[in-house]
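Inspection log for the structure reproduced underneath, given as structure tokens.
In this text, all values refer to a predicted model and were calculated from it rather than measured experimentally. Counting starts at 1 for both ligands and their atoms, following the listed order. Keep in mind that the numbers below use all heavy atoms, side chains included, and drop hydrogens, waters and symmetry copies.
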Amino acid sequence: MTRTVTVVGGGLAGSEAAWQLASRGIDVKLHEMRPVVMTPAHKTDRLAELVCSNTFKSTELTNAHGLLKAEMRLLGSIILEAADTARVAAGSALAVDRGVFATTVTERINAEPRIEVIRDEVSDIEGPCIIATGPLTSDRLADAIRARLGTGALAFYDAIAPIVSRDSIDDSLVYRGARYGKETMDGAGDEGAYLNCPMSRDQYEAFLEALVSADEYHGHEFDEVPYFEGCMPVEVMAKRGRDTLRFGPLKPVGLRDPRSGREAYAVVQLRQEDRGGRMWNLVGFQTRLRIPEQQRVFRVIPGLEQAEFLRYGSIHRNSYLNSPAALSGHLSACDDPTILFAGQITGVEGYTESSATGLMAGINLFRILSGEAPVVPPATTMLGALYRYMREADPKHFQPMNANFGLLDDLPQRVRDKKQKREMFAERALREIRSWIDTNSIHGTVATSA
Ligand SMILES: Cc1cc2nc3c(=O)[nH]c(=O)nc-3n(C[C@H](O)[C@H](O)[C@H](O)COP(=O)(O)OP(=O)(O)OC[C@H]3O[C@@H](n4cnc5c(N)ncnc54)[C@H](O)[C@@H]3O)c2cc1C
């Protein structure tokens, strides 16, 4: 069995992957290009540097990020151990001192004899390896990835529209239907794949007013996306003229409301995001509004007054793969299971999600090298549900995804109380991941060097 592998990128995912491999007896060459080549966002040469906020979000099991962390702890995450060491007071959130956190990860990796940290920029791909180079993957490696996986496989910017939960949409105000009855997708049935929020002229004007006066997020200079028509923020479109949205994403033509038999003044459309129909995407609503502003402004839309946001909109620089089209179920090249990808480059979004896929990549590369099949947890767990999303999402509309309860398999029974429902999700997820760990002997493989 090969005992040496390459991990590219010493960020959150790469550090976690390298640790998982080393702790199972595999020698790792961990390539990190900093400080030889810096990214536009990182400031230090430390491994696992947090480029922006200092929080891994909630630890509560009734929060999607809290549940994901609980699952990762059962799998022995070094990133979460380091976060515990560096923790600062922040209520139920796992917030850290950035410096202490990155130093802890760096020291532990440096002290692990099976991991050799090499400071250089990797520009080609050779298995067995895990590529975890993140949202700011260097240009030369990005070229190699495109050459290996196909030109359309890697995007450089994301333009994300918010997703709301189906449960939170007011059915008395919206209707199902496709424009001219034509747009359909698998499983949508005759009614069409869209939910439509019709607006009167007054409602449209009120929405426009809220939108154009809302507060926008201004990030790093390198993050300023050169907008083209396909990813124009909805607020920028709205500022171009009072009718721009009505002739663009909110166009009402061909969308007759079956209840009145008439077309509305404007219509916001929501497209089904997942097979289970729990997650609905506001079509054309990519945005740079601040998160509280997204809640305030988009809840002005009729039918979305109580909307629960599962993902917020954003637009930033982000190298990420179209995983459903370009990768296998365990996030490897389709024609070589030993070339794995992990972290934000796979289309997950966020510190915790990136670390979690690094953890799984390390476990799976070890399994493959040991002659075992790669595995992913069931979609009743947050980790497994994220993997399912990256495997089964519609490649035509694929955009990065964070942990959220809309990704999980439904409970067998309908539960109205939101808190109780989340408690039941969490209880089931932890039970099932424990059983999955036992079945696949994941914890049984830890080697003596750990
Ligand atoms: C400006 C910015 C702000 C963000 N803010 C947040 C936030 O507040 N909260 C949040 O949850 N997420 C945030 N994110 C997303 C965040 O980057 C990810 O969640 C997380 O860092 C991804 O982990 P990763 O390991 O995939 O990538 P990274 O942590 O970025 O690690 C990738 C590593 O690969 C290295 N690398 C790149 N190319 C090469 C190469 N060719 N050879 C060798 N090494 C290479 C890089 O130097 C880097 O160290 C932000 C992203 C950006 C760009």
Side-chain angles (χ1 to χ4, degrees), residues 6-19 29-58 64-65 68-69 78-79 83 93-96 98 101-102 105-106 109 117-125 129-145 154 156-158 160 217-225 291 311-312 314-321 331 340-362 400-403:
T6 302
V7 174
V8 189
L12 293 166
S15 299
E16 184 74 81
W19 184 262
K29 290 189 187 304
L30 174 58
H31 294 261
E32 168 51 55
M33 68 179 184
R34 292 175 289 122
V36 184
V37 180
M38 293 300 285
T39 78
H42 291 81
K43 303 228 166 4
T44 75
D45 64 355
R46 273 174 276 186
L47 303 176
E49 178 183 332
L50 301 179
V51 286
C52 190
S53 97
N54 69 330
T55 172
F56 284 80
K57 301 188 179 154
S58 177
H65 290 92
L68 180 59
K69 281 197 281 296
I78 186 194
I79 289 294
L94 177 53
V96 298
R98 284 193 202 79
F101 170 72
V105 176
T106 307
I109 296 267
V117 180
I118 301 165
R119 301 288 181 160
D120 64 0
E121 179 192 3
V122 171
S123 56
D124 53 10
I125 301 170
C129 68
I130 295 174
I131 297 175
T133 43
L136 304 171
T137 294
S138 76
D139 290 346
R140 292 202 302 157
L141 184 61
D143 287 346
I145 294 171
L154 188 71
F156 293 108
Y157 295 98
D158 59 34
I160 292 183
Y217 170 77
H218 296 284
H220 300 248
E221 216 171 276
F222 74 88
D223 217 13
E224 291 302 331
V225 177
I291 284 174
R311 182 184 77 184
Y312 288 96
S314 66
I315 300 181
H316 43 59
R317 187 165 154 203
N318 187 12
S319 306
Y320 70 97
L321 289 159
L331 302 180
L340 285 86
F341 292 82
Q344 186 128 336
I345 197 171
T346 63
V348 293
E349 171 82 32
Y351 296 157
T352 312
E353 293 84 341
S354 298
S355 309
T357 53
L359 202 163
M360 278 307 306
M401 183 58 72
N402 51 263

The option among Leu50, Thr133, Val7 carrying the non-hydrogen atom nearest to atom 37 (C) of ligand 1 is Thr133
Please name all residues satisfying salt bridge (charged side-chain N to carboxylate O under 4.0 Å, His left out) with Arg119, sequence neighbours left out, ordered by chain then number. none
Which of the atoms in ligand 1, numbered in the order shown and given with their element, are less than 4.0 Å from a heavy-atom of Thr39? 46 (C), 47 (O)
Provide the number and element of each atom of ligand 1 under 4.0 Å from a heavy atom of Leu141. 41 (N)
Below the 3.5 angstrom mark, is there an N/O of Leu136, backbone or side chain, next to an N/O of ligand 1? no
Quick one: does ligand 1 sit under 4.0 Å from the side chain of Ala132, the backbone, both or neither, non-hydrogen atoms only? backbone
I need the contact type for His42 against ligand 1. Using non-hydrogen atoms and a strict under-4.0 Å cut-off, is it side chain, backbone, both or neither? side chain
Any sub-3.5 Å donor-acceptor pair from Glu32's side-chain atoms to Arg34's backbone N or O? yes
Contact region, Ser354 to ligand 1, non-hydrogen atoms below 4.0 Å, reads side chain
Check whether any side-chain N or O of Asn54 sits under 3.5 Å from a backbone N or O of Ala95 as a donor-acceptor pair, and report yes or no. no
Within the 4.5 Å heavy-atom criterion, are Met33 and Asp120 side-chain neighbours or not? no
Check Val8 against ligand 1 and report side chain, backbone, both or neither, counting heavy atoms closer than 4.0 Å. side chain
So, Ser355 versus Glu16: side-chain donor-acceptor pair below 3.5 Å or not? no
Interfacing atoms of ligand 1 (cut-off 4.0 Å, heavy-atom, Glu121): 41 (N), 42 (N)
Subset of ligand 1 atoms that lie under 4.0 Å from at least one heavy atom of Pro135: 17 (O), 27 (O), 30 (O)
Side chain, backbone, both or neither: which part of His31 has a heavy atom under 4.0 Å from ligand 1? backbone
Whether the side chain of Ser314 engages the backbone of Ile160 through a donor-acceptor N/O pair (distance < 3.5 Å, no angle test) should be reported. no
Close side-chain approach of Ile315 and Tyr157, heavy atoms under 4.5 Å: no
If I apply the N/O under 3.5 Å rule, does Ser53 come out as touching ligand 1? yes
Polar contact flag for Thr137 and ligand 1 (N/O pairs, less than 3.5 Å): no
Ignoring hydrogens and angles, tell me if any N or O in the side chain of Thr346 forms a donor-acceptor pair with the backbone of Ala342 under 3.5 Å. no
With heavy-atom distances below 4.0 Å as the criterion, list the atoms of ligand 1 near Gly343. 26 (O)
Quick check, are the ring centers of Phe101 and Phe56 under 6.0 angstrom apart? yes
Check each of Asp139, Ile79, Val122, Leu12 against atom 20 (C) of ligand 1 and report the one with the nearest heavy atom. Leu12
Any donor-acceptor pair under 3.5 Å linking the side chain of Glu121 with the backbone of Val36? no
What atoms of ligand 1 come closer than 4.0 angstrom to any heavy atom of Arg34? 47 (O), 49 (O)
Could you list the atoms of ligand 1 found under 4.0 angstrom from a heavy atom of Ala13? 25 (O)
For ligand 1, is any non-hydrogen atom under 4.0 Å from Val51's backbone (N, CA, C, O), its side chain (CB onward), both, or neither? side chain
Does a side-chain heavy-atom distance below 4.5 Å link Ser15 with Ile78? no
Relative to the heavy atoms of Asp120, which atoms of ligand 1 are at a distance of less than 4.0 Å? 42 (N), 43 (C)
Closest to atom 28 (P) of ligand 1 by heavy-atom distance, out of Ala144, Pro35, Ala142, Gly11, is Gly11
Would you mind finding which of Phe341, Phe56, Tyr351 brings a heavy atom closest to atom 9 (N) of ligand 1? Tyr351
If only atom types and distance count, is the side chain of Glu349 paired as donor or acceptor with the main-chain N or O of Pro400 below 3.5 Å? no
Does Glu49 reach ligand 1 with a nitrogen or oxygen that is under 3.5 Å from one of the ligand's nitrogen or oxygen atoms? no
Quick one: does Gln344 get an N or O within less than 3.5 Å of an N or O on ligand 1? yes
With no hydrogens and no angle check, is any side-chain donor or acceptor of Gln344 less than 3.5 Å from a backbone partner on Asn318? no
Under 3.5 Å, is there a donor-acceptor pair between the side chain of Thr106 and the main chain of Arg46? no
